[in-house]
Amino acid sequence: MQSRGIAVVTGASSGIGAATARRLAEEGFHVVAAARRSDRLAALAAVAQGRITPATCDVTSDTSVADLAAQVATLEEPLTLVVNNAGGAHGADPVAAGSVEDWQWMFDVNVLGTLRVTRALLPALIDSGAGTIVNVVSTAGHIVYEGGGGYTAAKHAQHALTGTLRLELNGEPVRVIEIEPGMVKTDEFAVNRFGGDSGKAAAVYSGVAEPLVADDIADCIAWCATRPHHVNVDRLVVRPLAQAAQHKVARKL
């Protein structure tokens, strides 16, 4: 298979990130899988027959992201794709009782993490002559809901960052693509949001026959990234059939 160049995927130790790393490796990319949990990255790389390189990285740290960029620069192939997937939600408190610590974490990971990684790797994407940035945002980047103030604010900001970046890179050989998933059932997202409470996490998906799974989003990312380079999918919204809108979900209880 002809190589498509290097793809960096953040948040690659689980969920959508891990699924995306595996799928992009199958599509012919040399994937640099970046995340904090090095043991999980090593396990991911072990089954990829040399197509995935682990890179321990914390997107909330300037130094760590700089180290990631330095590692990518040592590889022989050009950097052609960056998937800013690292993110998540903490808490479901109303704004009036919102945890500043939780909000700070969500902005640092979802928004500033995207900024750090993009800023560090953008020169290499431009130099490749055919770069692509895929930001994994959320339908929460456009719609607010009770108990979601911090997460929706962070995702609105990430959406704004993405749109601004596309305007600023107009004329450069870099596409900017936004993926907006709705309800996706992964092993960790809801559990992390509710502080490890598996009961609350399970209730999010209760009665939903087929929520999306990580591989569904990886499929969307891979499809967008492998279109001819003159084709820019600005924004792809993807929900399960059971979810017509943020507050409209068919449940069979």
Side-chain angles (χ1 to χ4, degrees), residues 1-12 16-17 20-35 41 51-87 109-137 157-180 217-218 220-236:
M1 181 185 298
Q2 183 176 2
S3 174
R4 295 181 182 271
I6 297 166
V8 172
V9 180
T10 66
I16 292 171
T20 298
R22 289 191 296 267
R23 177 59 185 275
L24 293 176
E26 293 171 1
E27 294 285 347
F29 289 93
H30 177 172
V31 178
V32 176
L41 297 177
R51 297 303 301 170
I52 295 180
T53 297
T56 304
C57 178
D58 180 354
V59 300
T60 69
S61 164
D62 290 344
T63 301
S64 186
V65 172
D67 290 344
L68 171 65
Q71 180 176 349
V72 171
T74 66
L75 302 176
E76 295 181 357
E77 299 171 88
L79 176 66
T80 57
L81 174 62
V82 172
V83 180
N84 284 306
N85 166 75
V109 174
N110 293 284
V111 185
L112 298 181
T114 298
L115 172 62
R116 289 184 182 95
V117 173
T118 299
R119 187 177 60 184
L121 297 178
L122 183 56
L125 286 172
I126 293 173
D127 287 347
S128 77
T132 301
I133 296 171
V134 176
N135 288 344
V136 181
V137 187
Q158 190 184 23
H159 164 69
L161 180 159
T162 305
T164 303
L165 182 64
R166 187 181 300 114
L167 293 174
E168 292 172 347
L169 290 180
N170 184 241
E172 297 286 358
V174 180
R175 301 183 293 185
V176 179
I177 295 168
E178 180 177 355
I179 306 293
E180 295 186 357
I217 308 307
C220 292
I221 292 170
W223 181 80
C224 290
T226 56
R227 295 311 87 205
H229 197 259
H230 71 283
V231 178
N232 194 103
V233 181
D234 284 10
R235 176 186 171 203
L236 178 59

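No hydrogens, no waters, no symmetry mates; every other heavy atom, side chains included, goes into these values.
Among pairs with a residue in residues 61-76, those fulfilling side-chain hydrogen bond (donor to acceptor under 3.5 Å, both in side chains) read D62-R116, at least two apart in sequence or across chains.
Shown here for V111 and A157, the closest heavy-atom pair between the two residues is CG2-CB, 3.8 Å. Contact record, A55 with L68: CB-CD1, 3.8 Å, taken as the closest heavy-atom pair.
Every residue two or more places apart in sequence or in another chain was checked for a side chain to side chain donor-acceptor pair (under 3.5 Å) with T56, and none qualifies. Residues satisfying the side chain to side chain donor-acceptor pair (under 3.5 Å) test with S128, not counting sequence neighbours, are none. Under the side chain to side chain donor-acceptor pair (under 3.5 Å) criterion, R235 pairs with H142, E180, sequence neighbours left out. Under the side chain to side chain donor-acceptor pair (under 3.5 Å) criterion, E178 pairs with H159, sequence neighbours left out.
Remark: L112 CG to T60 OG1 distance equals 9.5 Å, nearest 0.5 Å. With values rounded to the nearest 0.5 angstrom, T118 atom OG1 is found 4.0 Å from N84 atom CG. Distance check, rounded to the nearest 0.5 Å: OG1 of T114 to CD1 of I133 gives 10.0 Å.
T162 and N135 form a side-chain donor-acceptor contact under 3.5 Å, judged by distance and modelled atom types alone. The closest side-chain donor-acceptor pair between T226 and E27, if any, does not fall under 3.5 angstrom.
Formation of a donor-acceptor pair under 3.5 Å by the R175 side chain with backbone atoms of A225 is found in this model.
For the pair T132/T80, no side-chain contact is recorded, criterion being any heavy-atom separation below 4.5 Å from C-beta on.
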Side-chain atoms of residues 166-174: list all donor-acceptor pairs with protein atoms under 3.5 Å, sequence neighbours left out, distances to 0.1 Å.
unit_1, atom_1, unit_2, atom_2, d
R166, NE, V176, O, 3.0
R166, NH2, V176, O, 3.1
R166, NH2, D234, O, 2.9

